Amino acid sequence: MKKFLVRLTIFSVCNLGLFLVLVFSSSWLARKQNDFSIKQDTKFIILGHSHSECAYNDALIDNFENFSQSGESYFYSIPKLEQIIRMNPQVKTVFLECTNNQMTENVEEWIFGKKYLGYYYANYFPYIGLKSDFFIFRNQPTEYSRNFSIVCKDILKKCISKHKIPYEYGGFKGVKGTLYSYQKNSLKHSNEDFVQIKKGISEVQINFLREISNLLANKKIELILIRTPQHSSYQGFVNESEYKKVIETEFSKVKFIDLVNFPLSDTDYRDPEHLNTVGAEKISGWMNKFLKEDYSYAFQKQLHISFKDINDRKIFKK
Amino acid sequence: MLFNSLHFAFFLPLVFFGYWFLTKRNLKIQNILLLLASYYFYACWDWRFLFLLLFSTGLDFVTGLKIAGSKNKNHRNFWFWISIGVNLGFLGVFKYFDFFISSMALALNSINIEVHPLTLGLILPVGISFYTFHGLSYVIDIYQDKIEPEKNYIDYSLFVSFFPLLVAGPIERATHLLPQIKKNRIFDYSSAVDGLRQILWGLFKKVVIADNCAEIANQIFNNSTEYNGFTLAIGAVMFSIQIYGDFSGYSDIALGTARLFGIELLKNFSFPYFSRDIAEFWRRWHISLSSWFRDYLYIPLGGSKVGVWMKIRNTFVIFVVSGFWHGANWTFIFWGFLNALFILPSIIRNTNRSNMNIVAIERTFPNLKELGSMVLTFSLATFAWIFFRAESITHAFQFIQELFSPSLFQSPEIFPKVTLLLIVVFFTIEWMGRTGNYALQTIFSSRPFWWRWVLYIVLIFCVFFFTGKEQAFIYFQF
């Protein structure tokens, strides 16, 4: 029995050692292979989830790159942001989508959920630090362990082939369709994984948002939170009071643009949460003009501004 | 609790350490520990069905004692038929009731007698087909005076519920397993190492081969109308390999696990896809079930010691019943019928025992005749598996119609290169190790230990890196 246990222990330790060497060396190689460099004249980037992914067409906005990705929580925005700002010192301003559904508790499913772990964790593993690995493991040990093989496969693929950025790490995705057709075919869309908003706030997400704020402040990069337009029928407004409270108290010193009342018609929306290509063209056109102006004036009197404030030009009056 | 789950990865070492260290090698305590572990293992599936398992165990224990304790033939028959009736009754209700009612309704509706059947919609208790057959074989052996009844309830319960074989076999015999349960177990280093090696091979077969083949097979079978004949052929082959990897992988894990506790279970697979004819295939596939049907159904019906027509009848009976055992669907019954048809020529010509040895023994490669026979046997088995996998008879025939259409000569729409490479590696190892109880047992056995360690590490890495999308073990649904 002693011989069995000793040999089994030695074998297990050898295995574990080889495994860790393989995983971490592949991670290092993957980091080397994946280049987050963007065009030298890009000064503005936006990160967020599907709302900003569908809304801001970087082909229509000068010096702007969209790194948003559907289903992305702030937990994964952080390693991506770290890579982008490390490789691209020319980036001076980061827009970060900050909408009602990113505050609700349910959104933590995007961090710990089985489906998201299998994709996002695998995708971001080479860039996530040990502290973040442990954070996931502590919260979801079973799913973490179960998905680790997917992580390993993904790292191997990444370390042997070069991936264009943003590619798997986000980018503008124009969507077709209108609100009318969406509501008409509601059964067809019933399996779409939109976050069900409940009252209540996710402290986890807010902590990560704070982390992003501190990260950018340390690098002296401007952070502007932005709420992309949503249709008035959007169910997500159910936590509007809590959402506003968080923005006004926790992030009172961070710039915030609320575009929720941006003038769009029903035909500009693909569904209550997402703009279609027509809506994206309108908001992208506006964003292009906004960034071309010396928009810093917009924040001179107050850091939290709405579309109405900008449109009325009240805030531009010196 | 799946064998390839994290839960089991913690469960097994705990039970192992408790068994060899905490029980102080006391046989009684070891058996109690294994029994409690087995009930916990089963309860993890669905604790509600634990009561059914306990009831079935108690029933067979009592009826066994009653049968053996009585000299009166009527008395013995009474208790015998109580056991058979109740055991098969539970199986019938949980597994076949809805099927019978729906089939009857369909038949009546087809002759314009409208009926609206009331189905029970019961969940099938995991492993019911397996532990029911354990109990039945015990009672039948007592009735036939082949064994004495077990008087120790713990020992008998462990025979029925031993966790490695509880949910998907092998279907053990009292004559084989009970004596091991009653005997003091001594830790044997080679046996334990062999057990671990078999578990590793089983995991490789299930997680790397079966699960990866399953993804492709499911895609093709679930959308069979969208693919050409060649792609459907690939789908059929993938399913053949999936079911082999899945079931034999599970059996390997079960046998290897049992060996860690000093218990040898019955071998369940013996490289069936290297068979040279269908009769040999059925001697090598799900051996514990085939031998159960042979001993408790085929032989009592007269077996081979009857005229040709009775032999044919007996052959069809056991294959159709075997198909029916697998599930409540006409596809399984047709699958059994098809296999009976394939084996019939050899039964009639008395050539069903012509390939009893290992193919190409002491040779590296098979000759052309052997290779041709193996390919033909594999093709016949794969053809039958189409019915096993299809949703319905109609689906199976549609699949076959498209498979054997001119589109069979078109380029495949799905060509899984990595999976095919894994399959080639897998069958190479199986071929090299075909003289052992399982493939990995004899490979590198004459080389220094580090050769084997390198191979084990490569297999473990393959399990990790090539893990397919998690699929349930196929035979759990039976």
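Chain letters run A, B, ... following the sequence lines, proteins first, then strands; residues in each count from 1. Everything quoted here is computed from the prediction, not taken from an experiment. No hydrogens, no waters, no symmetry mates; every other heavy atom, side chains included, goes into these values.
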Which bit of [X] comes within less than 4.5 Å of chain A, counting heavy atoms only: side chain, backbone, both or neither?
X	result
F464(B)	both
L260(B)	side chain
I460(B)	side chain
F10(B)	neither

Classify the angle between the aromatic ring planes of F36(A) and Y169(A) as parallel (below 30°), tilted (30 to 60°) or perpendicular (above 60°).
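F36(A) and Y169(A): tilted rings.
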Side chain from CB out, backbone as N, CA, C, O: work out which of these in L5(A) comes under 4.5 Å of a heavy atom of chain B, or both, or neither.
side chain
Taking side-chain hydrogen bond (donor to acceptor under 3.5 Å, both in side chains) as the criterion, tell me which of K206(B), Q198(B), K267(B) meets it with D252(B).
Q198(B)
Of T419(B), I220(B), I234(B), which meets side-chain contact (heavy atoms from CB on, under 4.5 Å) against I414(B)?
I220(B)
When you look at OH of Y180(A), are more than 12 heavy atoms from neighbouring residues, nucleotides or ligands closer to it than 6.0 Å?
no
Check for me whether the distance between the ring centres of F163(B) and F41(B) falls short of 6.0 Å.
yes
